[in-house]
Amino acid sequence: MTRRALVWLRDLGFALLAAVFMLPLAWTVIGSLRPGNTLRTEPWGLPEALDLENYVAAWEGDIGLYLLNSTVVTIVSVALIIGLSAPAAYAFARLRFSGSGLIFGFILTGLLIPAHAVLIPLYQLNSALRVGDYLAIIGPYVAFGLPLSTLLLRAYFVEVPCELMEAAIVDGAGHWRILWQVFMPIARPAVATVAIFQAAWIWNELPFALVFIKESAHQTLPVGLLSFQGEHIANWGAILAGVTVAVVPLMILYLLFQKHIVRGLTAGAVK
Amino acid sequence: MRDRPLTAWLMVLPAAAVFAFYITYPLVHTVVLSAYSWSALNPVRTWKGLGNYADLMQDPVLLTALKNNALWILLSLAIQLPLAMLLAVGIGSSLRRHRVLRTVFFSPLIVPAVAVGLIWTLFYDPNFGALNALIEQLGLENLTAGWLGDPQLATPCIITVSCWRYTGFHMMILLAGLQAIPEEIYEAARIDGAGAWRTFWHVTLPLMKRIVLVDALLITVGSVKIFDLIWVMTGGGPNHASEVLATYMYRSAFSDDRMGYAAAIATVMLALTMLATIIYVRLTGREEAAG
């Protein structure tokens with residue numbers, strides 16, 4: 001076989017694998033556009049006409065509210081994660097102080113700790129202090145987001161040329177100004193990577209949301225989807241419409257930022 | 001230039017404090033609580049010492065959970081690592097042309113686990129599911145199954161879903177390692193007349209050993225922590241057949257209201273992640289010593 005044929009065969013293999021990977025998602029979107037009850041008799045059919053009744057059902061089932069709750073929680077958490085981890089990453093990368101390595105290692109342990117290992121004490125704390133639903137979940141989200149974002153940002157900050165920092169110091173800038181005005185703009189790929197990974201994680205998080213959110217009106221999408229499914233157990237079309245609505249915002253975010261992701265990871269992964 | 005330590009501390013302290021408050025302190029507290037017996041309804045704690053752990057060792061459900069977690073680790077490593085490596089090497093060779101493919105393989109990670117679980121539950125449905133329908137259309141009626149309702153099949157079915165969701169993520173990690181290998185090394189291998197297969201085994205793989213080990217650790221720890229997909233798809237059933245430590249811990253704490261017992265299960269999870277980490281550190285240490 002010629003080399004060209006081999007390359008062609010390899011690409012065909014990848015294309016087939018890609019098709020298999022996309023199948024469940026394609027099935028979801030197509031299914032969400034078909035009348036809810038026909039899905040159960042003919043799971044592989046195509047929509048006969050553009051039918052949005054499932055999306056109406058999803059909307060009436062409060063998916064819009066869950067979407068809003070998740071958006072608020074995700075944006076606030078990601079902003080706090082970056083706001084807290086960027087200065088820490090800068091100090092670990094560029095300032096010498098005693099205990100630096102120790103504290104960095106201490107924060108990195110968080111990469112491996114299961115959420116379930118802190119669930120009960122935090123549940124008790126939230127009940128005892130009567131912490132509001134949003135605060136109750138944003139706290140752990142931020143804490144669990146810190147290790148990865150500190151790691152990735154530090155790795156990127158280490159590679160910023162020394163001359164840039166020295167020039168800023170000659171201009172009389174302090175470390176805080178150097179961080180926000182010199183380092184952060186340079187580290188855009190790393191910040192984008194951090195933002196997308198944390199947003200995806202928080203948008204998807206289940207155990208904390210399941211345990212800590214008391215009011216159904218405050219539910220985030222994962223918990224909301226579960227209650228929605230419970231109410232529409234036989235209406236598969238509506239379930240698939242709810243799922244589609246839950247997926248779209250992050251997909252858009254991912255497609256916008258994806259070209260940064262490998263670059264942002266590379267600095268972090270090779271160290 | 002002299003660094004003023006005060007600035008450094010002010011930069012590090014907020015992050016370290018939040019981390020300690022929400023993770024380190026509760027972690028230690030969980031271990032302490034595992035020595036007590038109490039419930040949310042009756043919050044008076046009675047000292048139990050190692051009693052919860054003694055009960056755990058007698059508990060058949062815990063044994064099932066441990067076995068299932070072991071199966072999760074083994075199958076996830078055996079399927080995801082080679083597949084992710086194949087994708088990374090295949091896609092990494094010409095980035096521009098394969099940007100679409102990269103997006104495709106990564107995209108399941110963006111879908112919330114709950115949504116993934118709901119989609120695949122409908123897919124696997126024994127009566128109306130798309131999978132059984134497909135199998136019937138292919139004329140293989142005797143291969144249709146109860147899938148998630150079958151105690152033997154439930155766990156492998158959910159692991160399949162997990163592989164679908166996470167392989168793209170591991171591909172990204174390996175891709176990052178792959179791109180760190182200097183092009184000149186491949187040039188040299190080509191000049192020496194090494195084919196693609198030999199280049200992979202003797203050049204690419206040895207240089208990526210470290211990142212492959214990191215990825216293996218992530219997969220292992222992820223399999224110890226696994227919760228969402230199982231909770232959504234089977235809730236640990238049928239009759240505890242797909243139970244893992246995390247689902248059993250959640251059930252013990254928030255359905256059965258056995259808080260101390262649940263804290264003990266959480267401590268076991270923690271111990272297992274620590275064990276996995278120690279093994280990994282040993283392995284990388286030996287790697288570096290061998291040069």
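Letters A, B, ... mirror the listed sequences (proteins, then strands); counts begin at 1. What's counted below: heavy atoms across the whole structure, side chains too, no hydrogens, waters or symmetry copies.
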Could you list which of residues 259-269 of chain B have a heavy atom closer than 4.5 Å to any heavy atom of chain A, in residue-number order?
B/M259, B/A262, B/A263, B/A266, B/M269

Residues of residues 219-227 of chain B with a heavy atom under 4.5 Å from any heavy atom of chain A, in residue-number order, are B/V221, B/K225, B/F227

Given that the side chain runs from C-beta out, which part of [X] has a heavy atom under 4.5 Å from chain A: side chain, backbone, both or neither?
| X | answer |
| --- | --- |
| B/A16 | both |
| B/A276 | neither |
| B/F105 | both |
| B/L33 | side chain |
| B/L134 | both |
| B/T277 | side chain |
| B/L122 | both |

Part of [X] lying under 4.5 Å from any heavy atom of chain B:
| X | answer |
| --- | --- |
| A/F21 | both |
| A/I81 | neither |
| A/Y123 | side chain |
| A/Q124 | side chain |
| A/W27 | side chain |
| A/L240 | side chain |
| A/L255 | side chain |
| A/I113 | both |

In terms of the angle between their ring planes, are A/W44 and B/F123 parallel, tilted or perpendicular, with boundaries placed at 30° and 60°?
perpendicular

Suppose we screen for side chain to side chain donor-acceptor pair (under 3.5 Å). Which residues come up paired with B/Q80, at least two apart in sequence or across chains?
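Only B/H170 meet the side chain to side chain donor-acceptor pair (under 3.5 Å) criterion with B/Q80.
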
Decide yes or no on side chain to side chain contact (heavy atoms under 4.5 Å, CB included) for A/V118 and B/Y22, but give the supporting numbers first.
CA-CA 8 Å; A/V118 300; B/Y22 280 106; over 6 Å; no

How would you list all residue pairs meeting side chain to side chain donor-acceptor pair (under 3.5 Å) that involve residues 24-39 of chain B, not counting sequence neighbours?
B/S34-B/Y53

May I ask you to name which of [options] has the most heavy-atom pairs under 4.5 Å with chain A?
| options | answer |
| --- | --- |
| B/L27, B/L218, B/L131, B/L270 | B/L27 |
| B/V104, B/L109, B/I110 | B/I110 |
| B/P108, B/A113, B/S107 | B/S107 |

Among A/I239, A/L221, A/L146, residue most engaged with chain B (heavy-atom pairs, under 4.5 Å)
A/L146

